[in-house]
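Structure first, then comments.
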Protein chains: 2
Amino acid sequence: MTNGDLPTSLHDGTPVNRLGPVERRNSSSSGADHTSAKRRVTIREVANLAQVSLGTVSNVLNNPLVVAPATRKRVLDAIDSTRFVRNTAAHQLRVGKSRTIGVVLLDIANPFFTEIVRGAEHVLREQDYALMLCSTDESAKRERRYFRVLEEHRVDGILVCPVDSDLESAVALVASGIPTVLLDRDGSSHGLCSAAVDDIRGAELAADHLFELGHQAIALVNGPATIRQCIDRKEGARRSVQRARCRSASLKEIVVGALTIDQGEAAVVALLAAEPRPSAVMCANDLLAFGVLRGLAAAGVAVPEEMAVVGYDDVVFASMLSPSLSSVRQPKYELGVAAAELLLEEVTGAPHEHRAIRFEPELVVRASSTPRPVSAPPTN
Amino acid sequence: MTNGDLPTSLHDGTPVNRLGPVERRNSSSSGADHTSAKRRVTIREVANLAQVSLGTVSNVLNNPLVVAPATRKRVLDAIDSTRFVRNTAAHQLRVGKSRTIGVVLLDIANPFFTEIVRGAEHVLREQDYALMLCSTDESAKRERRYFRVLEEHRVDGILVCPVDSDLESAVALVASGIPTVLLDRDGSSHGLCSAAVDDIRGAELAADHLFELGHQAIALVNGPATIRQCIDRKEGARRSVQRARCRSASLKEIVVGALTIDQGEAAVVALLAAEPRPSAVMCANDLLAFGVLRGLAAAGVAVPEEMAVVGYDDVVFASMLSPSLSSVRQPKYELGVAAAELLLEEVTGAPHEHRAIRFEPELVVRASSTPRPVSAPPTN
DNA sequence: TGCCTGATTTGAAACGATTCATTCCTTTTC
DNA sequence: GAAAAGGAATGAATCGTTTCAAATCAGGCA
């Protein structure tokens, strides 16, 4: 393995002359391949080989029934003996469709979005659409940039979970002629298609649950108020407080910069310093809750005894944490499927009216908000 | 709305079931919008408005310095007053580059891959590349299909974590002229670029660790032997067994169909039935380990007392589980960055020789494999 | 004034597919 | 046997850019 068969980057020693043609090519078939840039097969070569015209090849590809069986076979043979692969760019230029869908979401590392993407991908791949995936990391600037890239690519449609609370950017997309469906955001106010879950309701469920357990001072670890989901979830919590029987019920909001584990952990300082000190905390999403749990553990605060915790999204891992995390479940996969189907409908020009699909959230209670029975845990 | 114009699926008098979503039509600006498909602005309109030729507009776009400042300004003004957006398809057709990179991985829902994607995305977006993300779910058929789609789109390059253990498919890609870099797979044997971690070594670390703890019968919950990572990790474990001082050391492999949580949980039955019954189990990845933990908890088997567990990948959530999961850490983000940089180098035609970048794995020991101290946990 | 030079600008020819009005063949019909 | 009908195949025009040889322009210099 020490001989120079295949020089690795670190295999330095002597400077390789960078300009002149290198004399020793990589032994294996690699190397200066891209110089003699593999000439791609075009429809014309197929036509020549099959002794037909361009139009006929095109027909075999797009409209096989109008071609006589014998010729069709000849063309098909030529196609795979030349290894012809249709050039989407040329196709797109002519017909105006790219067979590509853009998906723009807040954070690809969040299992919530991952699950949504899975759902969307499953329906879109059936129709041979390609997905362009973009993760904005909650940055409006990045979102703009991605939208621009997607526009340039003339994607047939976009699924987007917008960064900003107003829907300006999404409306602009639609205005510029790109079918757009909102993901995890209601669009009915702006006449946009959407697949979403009722966030106000979800947050109410969570807060109600905590109040019912007897907590009075509860905290909400929330993301930036630019994000709609954060606004709505706060609103839900607020309503719950107002409805709470006990009038000493209070809600302390702790706003962090992003919906991530790290930010959740960082929020614990403020959480523990709050006056009066909350006995329960709900988080705008599970990642924040994960961070809060970690922070509380580090601070030696027992969950749920000293602090009950509820998350939001119910990502797969929520049930496996220590302690297992109570959370507001959203039908993630189904959300992705619904959004994709909606978009597909619009893209294919099927009879279609813009509409908002809304799912109901559901509270899942687990250990992080359940007072443990006084009896010892099953030790046997 | 009762006429048959547009039958929405659920739009009837029946009560809304809690599972199905609710649909609300959006009154505003719906309907036949897409019929009058927004005519896209072309370079020609810009040219007319700015009173210059096509070539000049193109120069402003691609080669601004050769255009006189005054004309340049005129053109730029025209560009944004017409809201011109360059058509990538046409561009690509002419210059042959699509500014798109395909990323093909095993499972988009696995945080391991998600983290890799993040890394890759961060470097690629700097260069304004778009990403086409494809999740094969470990199916070779799907992989083929995605490769085909990517070829048709003439992506400039592909990052791929191949499904099959041989590298045939990847080699074919390269042969067909698409720069390709392997992700989490070593490619030096085939002269391919790659960014990977030494899986044999990683598995050795895990197994050594278990043997050092005194375990003699250990199990390996492994994925299908078509996947290279699974082969290598088994090999690592095997070597460790052979090296183990104790000659009663044994390794029982339990093969499951996919590297998922569910499959891991399902493996527990076989795990507990194995003869001799293993006292420790290592898993081919963390998702499997998560499932195993879940299964063991359900079966009432205490971890680590009755069964030690070690995962592989060290995804973010591993440290937060109950009990926290020992795992073999891989530099995920860096893997993505390295692979993307390698690809970029090749794509941009920078002086480049195919090479394999290799990272070292690292064992992270946590509660799932650490005998608890006999003293009671801190109850105060 | 006339010629030369270098800086700008022009516009026609690609790129690779799809469309569609024509042309070319067979059959069928009378 | 001629005409009509209809099925197949053709190929030029087109999509929106980029490229590049050629045309144009503005000074500078003798």
Side-chain angles (χ1 to χ4, degrees), chain A residues 37-76 78-79 82-100 149 151-156 176-177, chain B residues 37-76 78-79 82-100 149 151-156 176-177:
Chain A
K38 205 104 183 169
R39 191 96 213 92
R40 276 304 196 150
V41 179
T42 78
I43 215 182
R44 157 161 272 122
E45 294 167 55
V46 174
N48 289 342
L49 183 57
Q51 307 267 45
V52 297
S53 70
L54 295 183
T56 300
V57 178
S58 176
N59 277 334
V60 169
L61 255 26
N62 307 297
N63 220 359
L65 299 178
V66 311
V67 179
T71 358
R72 194 192 312 156
K73 169 147 188 2
R74 205 144 33 90
V75 172
L76 287 174
I79 283 181
T82 55
R83 298 183 194 293
F84 166 80
V85 176
R86 184 214 236 97
N87 183 330
T88 303
H91 173 95
Q92 173 182 350
L93 185 56
R94 188 65 238 262
V95 294
K97 306 239 150 289
S98 62
R99 289 204 87 71
T100 302
V149 171
E151 268 195 84
E152 291 186 343
H153 277 271
R154 300 288 192 275
V155 293
D156 293 338
S176 75
Chain B
K38 207 104 181 169
R39 189 98 213 90
R40 277 304 195 149
V41 179
T42 77
I43 217 182
R44 157 161 272 122
E45 294 167 56
V46 174
N48 289 342
L49 183 58
Q51 307 266 44
V52 296
S53 71
L54 294 185
T56 300
V57 178
S58 175
N59 277 334
V60 169
L61 255 26
N62 307 297
N63 221 356
L65 298 179
V66 312
V67 178
T71 357
R72 195 193 312 157
K73 170 151 185 2
R74 205 144 33 89
V75 173
L76 287 175
I79 283 180
T82 54
R83 296 184 196 294
F84 167 79
V85 176
R86 182 214 237 98
N87 183 328
T88 303
H91 173 96
Q92 174 183 349
L93 186 55
R94 189 64 238 258
V95 295
K97 307 238 149 289
S98 61
R99 289 205 87 71
T100 301
V149 172
E151 269 195 83
E152 291 185 343
H153 278 272
R154 299 288 192 273
V155 293
D156 292 339
S176 76

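Chain letters run A, B, ... following the sequence lines, proteins first and then strands; every chain starts at 1. All values reported here derive from a predicted model rather than from experimental measurement.
- Rounded to a whole Å, the CG atom of B/N63 is 12 Å from the P atom of C/dT8.
- Looking at heavy atoms from C-beta onward, B/V67 lies out of side-chain contact with B/P64 at the 4.5 angstrom threshold.
- Scanning DNA chain C for stems, defined as runs of 3 or more consecutive Watson-Crick or G-U wobble pairs whose donor-acceptor distances all fall under 3.5 Å, gives the following ranges: C:1-30 with D:1-30.
- Of all non-hydrogen atoms in B/R99 and B/D156, the two that sit nearest each other are N-OD2, 2.6 Å.
- Note: CD (A/E45) to C1' (C/dG16) measures 11 Å, nearest angstrom.
- Counting only heavy atoms from C-beta outward, the side chains of B/S58 and B/L54 never approach each other to under 4.5 Å.
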> Are B/H153 and B/T100 close enough, and set up right, to give a side-chain contact (heavy atoms from CB on, under 4.5 Å), and what steps lead you there?
Replying inline: CA-CA 9 Å; B/H153 278 272; B/T100 301; over 6 Å; no
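- Among the heavy atoms of the strands lying under 4.0 Å from B/T71 are primed sugar atoms or P, OP1, OP2 only; no base atom is included.
- Under a 3.5 Å cut-off, the side chain of A/T82 and the backbone N or O of A/A78 do form a donor-acceptor pair.
- Looking only at distances, a side-chain donor or acceptor of A/T88 sits under 3.5 Å from a matching main-chain atom of B/E152.
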> Going through the distances and angles, do B/S176 and B/E151 end up as a side-chain contact (heavy atoms from CB on, under 4.5 Å)?
Replying inline: CA-CA 9 Å; B/S176 76; B/E151 269 195 83; 3.7 Å; yes
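- B/N87 has its CG atom 18 Å from the P atom of C/dC15, to the nearest Å.
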Can you give me the N/O atom pairs linking the protein to nucleotides 18-22 of chain C at distances under 3.5 Å, or say none if there are none?
{"unit_1": "C/dT18", "atom_1": "OP1", "unit_2": "A/N62", "atom_2": "OD1", "d": "3.1"}
{"unit_1": "C/dT18", "atom_1": "OP1", "unit_2": "A/N62", "atom_2": "ND2", "d": "3.1"}
{"unit_1": "C/dT18", "atom_1": "OP1", "unit_2": "A/R86", "atom_2": "NH2", "d": "3.4"}
{"unit_1": "C/dT18", "atom_1": "OP1", "unit_2": "A/H91", "atom_2": "ND1", "d": "3.1"}
{"unit_1": "C/dT18", "atom_1": "OP2", "unit_2": "A/S58", "atom_2": "OG", "d": "3.1"}
{"unit_1": "C/dT18", "atom_1": "OP2", "unit_2": "A/N62", "atom_2": "ND2", "d": "3.1"}
{"unit_1": "C/dT18", "atom_1": "O2", "unit_2": "A/R94", "atom_2": "NH1", "d": "2.4"}
{"unit_1": "C/dT19", "atom_1": "O4'", "unit_2": "A/R94", "atom_2": "NH1", "d": "3.2"}

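- Between A/R99 atom CZ and C/dA17 atom P the separation is 17 Å, expressed in whole Å.
- Under the side-chain contact (heavy atoms from CB on, under 4.5 Å) rule, A/F84 has a single partner from A/L61, A/V75, A/V57, which is A/L61.
- If you check every strand for non-hydrogen atoms under 4.0 Å, B/T42 touches sugar and phosphate atoms only.
- Protein chain B contacts DNA chain D from D/dG16 to D/dT19, reading 5' to 3' and using non-hydrogen atoms of the protein with a distance under 4.0 Å.
- Proximity of A/R40 to A/N87: side-chain heavy atoms (C-beta onward) are nowhere separated by under 4.5 Å.
- The minimum heavy-atom distance between B/R154 and B/S98, with the atom names listed, is O-OG, 2.8 Å.
- Using a 4.5 Å cut-off on side-chain heavy atoms (C-beta onward), B/V60 and B/R74 make no contact.
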